[in-house]
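Sequence lines set the chain letters: A, B, ... in the order given, protein chains first and strands last, and positions in each chain run from 1.
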Amino acid sequence: MGRWRRPRQAHGRRQRDRRTHRGDRDMATQLRTHRAAETAGTEHGTVVTLGGWVARTRDMGGVVFFDLRDASGKVQVVADPDSVPGLEELRMEYCVRVVGELRPRPEGTQNHDLETGLVEVHATELEVLSTSETLPFMIDDRFDVDELTRLQYRYLDFRRDGMASNLRARSHATAAIRAALVAQEFLEVETPTLIASTPEGARDMLVPSRLRQGSFYALPQSPQIFKQLLMVGGIDRYFQFARCYRDEDFRSDRQLEFTQLDLEGAFWGEEDVRATVEVAIVAATQAVRDVTPATPFPVFTWQEVMDRYGIDKPDIRFGMELKNLSTVFDGTAFRGFGAALEGGGVVYGINGGALGLSRKGFDELTETAKSHGAAGLVWAVVEDDGSLRSPVAKFLSDEEQAALKSGLDASVGDTLLVVAGPWRTTVEVLGHLRAQLGTPADPDELAYLWVVDFPVFEETADGGLAPAHHPFTQPHSLEDMKERPAVALSHAYDLVLNGTELGSGSVRIHDSETQSEVFDVLGIAPEEAERRFGWFLQALRFGTPPHAGFAFGMDRLVAILVGATSIRDVIPFPKTQRGVDPLTGSPNPVEPDQLDELGLDLSAATKAALSADDA
RNA sequence: GGGGGCGUGGUGAAGCCAGGAGUUCACGCCAGCCUGUCAAGCUGGAGGUCGCGGGUUCGAAUCCCGUCGUCCCCGCCA
């Protein structure tokens, strides 16, 4: 151990300092003996010293109450202004130290909404440790505050119960995962955050090099290659809470920098990965929610979730599954369906339940469907007499209407939504509608699931094929990949929770021969592969063990576990949608000298924009 | 890159559609009263360039155009 010793803070008891017992009143003064929440279990009559913030003052004239809040909770302090100087000057969020006797509250004045509501501290001494300016917002979750203001004063936001408990939840989840993995003999290994840029994937965050001007580091989008090198190096089981960086546009569940639990194991296949990730997820869920999700999590193939839910990250807390109605409309007179079927397409539908939509509502749904690529949307409402009210009812035979109703298990009042077209587009359109219309019966339910057997390629906007995962993913079959790329599958898998993709992983390619061939099929020329990944291909030539791994987003996981609508609520200092930290003002322009040192010069347009901002 | 919501004393909102004096509500702030409150209560007070710029109008927080900020969504995120 070094010579720095930290006072032990566990259970709120500060390690006793010997000098206090000698009666020193200077630096050795014990600033507090108890934390606020501990007063509930402390013997009446004890003289306690508390340190914390003035949450609320209630000045009755002859007697003053205030709530003293610290990290553990709150306790009421009561005092007589004649005997305790400074009491009437107290304002919200003053930081104070209070000495007083712990007493039971008089009969009838207990506060059962407060954990410490049966006691109160009768103050004999009050010291204002520091005062507070008028607050920009109330330290009280009952008041909604604009998020920008919260971010500008994030340190005050932390004093509010919501953020404080989110930060605790995150810490507990992290600690639980670490403990669970260490118990399974995983090694926590750090990997660099200044690495080489590779063009594929998300946009890299770049850091200019001073020692090699004109060259740049990239911040990692993930520790992918490094953890594979650890496997080559015989580390066997690796994990890391890895900060990752992707310079793409923001969403409520996306930030420039985010944290993944990254793990990898040697001599592993898919089942080993799933079992281990489940251990980590269960540990985190228990730590935050105090519930134990059933394991193993359900496993779906990609094909199955697309066909049943129209999305690769389904929320299965509610039904409303997609149904293939193609056979129902085989030979139909309705051209909207008939043309799609004749063109090799499909007809799928969902039962939206009792939506009670107006004509305008249906128009909006139709717009949604079209914006996701549908030619149109057919809707039908089951009337009291069992007939269908629909713009296209007159084109559908009685048999087709009956089969539509039975195919979607429709009851009176249900709204049926039907889309026709190419399979992929059709299911995705319905998947969006399902996600928009469906509501889980129990919003607290946690529905974890695996999606496996992703395709190797996915279709791009211009009809071409692009790799769906990173190029180190093991395909099911190299032959399929070459000969039937559109349907070839890979050993890639996702973990999904309540309609959110938590993370993904894969079985990796572990020999350079296969890796080279995959690069080739992915359209990366041998020379290019050698130039960019030569060192990695070289590493694979030294007896690489089969290995597989996973990474999931801690921000997303904790956000869902605590019920936050945005990961910003579980990130201490997040950035706004424009990538700005309103508290510190990052990113900011730098001095010309700094740029010179890096061999950089800003474009004329950028300089002009900067000086315009200054003016 | 595109679509949408929002921007009004320190804070949160209403006012905007249908133009007529910075009007209102709650919290906070300042002063006073009050001995059992706990989002204390009562009385009084201070505090705003209605994000910014332009336009329409006799007159703009309100209508129009632009711009900035923020949030949500599409694209993007191997």
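The stretch residues 51-62 of chain A participates, sequence neighbours left out, in these side chain to side chain donor-acceptor pair (under 3.5 Å) pairs: Arg58(A)-Asp67(A), Arg58(A)-Gln76(A).
One N or O donor and one acceptor, one from the side chain of Arg251(A) and one from the base of G75(B), sit under 3.5 Å apart.
Of the residues in residues 153-162 of chain A, none has a non-hydrogen atom less than 4.0 angstrom from any atom of RNA chain B.
Among the protein residues, Arg568(A) comes within range of the sugar-phosphate backbone only, with heavy atoms under 4.0 Å from sugar or phosphate atoms but none that close to a base. Across all strands, Thr473(A) comes closer than 4.0 Å to no nucleic acid atom at all (heavy-atom distances). Across all strands, Arg578(A) comes closer than 4.0 Å only to sugar-phosphate atoms, never to a base (heavy-atom distances). Among the heavy atoms of the strands lying under 4.0 Å from Asp249(A) is at least one base atom, whether or not backbone atoms are also near.
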With B for base contact, S for sugar-phosphate-only contact and - for none (protein heavy atoms under 4.0 Å), nucleotides 35-53 of chain B reads BBBBBB-------------
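For Leu148(A), the side-chain atoms get nearest to G69(B) when compared with the rest of A78(B), G69(B), C73(B).
When each of Asp253(A) and Met92(A) is assigned the nucleotide of RNA chain B bearing its nearest heavy atom, the one mapping closer to the 5' terminus is Met92(A).
A donor and an acceptor atom, one from each side chain of Asp363(A) and Thr366(A), are nowhere located under 3.5 Å apart. A donor atom on one side chain and an acceptor atom on the other are not found under 3.5 Å apart for Thr426(A) and Arg424(A). Using a 3.5 Å distance cut-off with no hydrogens or angles, the side chains of Asp569(A) and Ser566(A) do not pair a donor with an acceptor.
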